[in-house]
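Reminder, nothing fancy here: chain letters follow the sequence lines and each chain counts from 1.
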Number of protein chains: 2
Amino acid sequence: MSNHFTRRVIKRGELANRTGCNLETIRYYEKIGVMPEPARTEAGHRVYDGDQERRLRFILRARELGFSIEELKGLLTIVDSDHLACGEVYELTQAHIADVREKITDLRRLEKTLSTISAKCARGNTPECPVIDALFA
Amino acid sequence: MSNHFTRRVIKRGELANRTGCNLETIRYYEKIGVMPEPARTEAGHRVYDGDQERRLRFILRARELGFSIEELKGLLTIVDSDHLACGEVYELTQAHIADVREKITDLRRLEKTLSTISAKCARGNTPECPVIDALFA
DNA sequence: ATAGGCTCTGTAGTAGGTACAGGATCAAGA
DNA sequence: TCTTGATCCTGTACCTACTACAGAGCCTAT
């Protein structure tokens, strides 16, 4: 280990443990360019600092909130630029909210269809099945 | 073309057109075993009859309703057995409805979070951005 | 006969990861 | 100091559910 002035760094396994991210996913995020290439030890082991841990948490949170990788890249571009363009982030978020609302609408319609079909079921072992019939219709 | 007694058959392209299914997807469904291997012309071209068209429509509808391929296989097993076990189909459908409801709940929570965050936005080009901040939190 | 449309096959690509094989390296105990 | 087991490295294959393409063969109308 280098000297007293070295910042505290962690390796991939610890980063994974601390963030709850899968070990391999970290490498994947590096590959697709959302995580920067980290420093390496002499033996080639990746080392991460606090900034990189914060960035990974940001990524994980954005993914949790359903932002696609492409949308996430948009957010990261803004984050990485020195002046934060709040307007752009707002647009991106609104677009994402619209997506989510559309999905909810679709799923509600689906749920209704399934419930309607299912409600007709006699639940016996009769040869007629309204679910199957509905699927054949 | 064979004789007068040959049932009306269509080729892959027409089946795709009639059902709205992608051409390649038909071959894919054959590969994964949800569509049967069709008859072939002497030159090796696939030919489909009415039963097979109905089966494909069934598959497409089940997929539209959000059944996974695995769930679909379950449905098809029941369809293929001579006596339709209505109870089993009911169970499968209920489980699927539960899934859909869970997804809706998740998305609603997500939408709320995003809206709350987004509502704090001043929409200016200020350096502080509540969306970014929330993601970093 | 030939043009252009269809079909065939196998394979690669998509999103967003996850898993594994076969090595190298590190840290801690005997 | 040696050894053992955990961790790390790389590349690649796998997952779902398709979709797209290349290069070949076939089919039909003119």
(request) Would you mind checking if D51(B) and R54(B) are paired as a salt bridge, meaning a charged N to carboxylate O distance below 4.0 Å? (result) yes
(request) May I ask you to verify if any side-chain N or O of N22(A) is less than 4.0 angstrom from the OP1 or OP2 atom of dG16(C)? (result) no
(request) Considering only NZ, NE, NH1 and NH2 on the basic side and carboxylate oxygens on the acidic side, decide whether R27(A) and E24(A) come within less than 4.0 Å. (result) yes
(message) For a quick check under 3.5 Å, do S118(A) and Q94(B) share a side-chain donor-acceptor pair by atom type?
(response) yes
(message) What I want to find out is whether D80(B) reaches R55(B) closely enough, with some N-O distance under 4.0 Å, to be called a salt bridge.
(response) yes
(message) Tell me which residues in residues 92-99 of chain A lie within less than 4.0 Å of DNA chain D, going by non-hydrogen atoms.
(response) none
(message) Below 4.0 Å from chain A heavy atoms, what is the first contacting nucleotide of DNA chain D and what is the last?
(response) dC8(D) to dT12(D)
(message) With heavy-atom distances below 4.5 Å as the criterion, would you say the side chains of E71(A) and L75(A) are in contact?
(response) no
(request) Quick one, give me the B/S/- string for nucleotides 2-15 of chain C, reading 5' to 3', where B means a protein heavy atom under 4.0 Å from the base and S means that only happens at the primed atoms, P, OP1 or OP2. (result) -----SSBBB----
(request) Would you indicate whether the side-chain heavy atoms of R40(A) and V47(A) approach each other to under 4.5 Å? (result) no
(request) Could you tell me whether the side chain of R18(A) reaches within less than 4.5 Å of the side chain of R57(A), counting heavy atoms only? (result) yes
(request) Taking only Lys NZ, Arg NE, NH1 and NH2, and the carboxylate oxygens of Asp or Glu, determine whether E111(A) and R108(A) approach each other closer than 4.0 Å. (result) no
(request) Flag the pair I26(B) / Y48(B) as yes when at least one side-chain heavy-atom distance between them is below 4.5 Å, and no otherwise. (result) yes
(message) Side-chain heavy atoms nearer than 4.5 Å, only ILVMFWY residues, links allowed to pass through others: does that put I32(B) and I59(B) together?
(response) yes
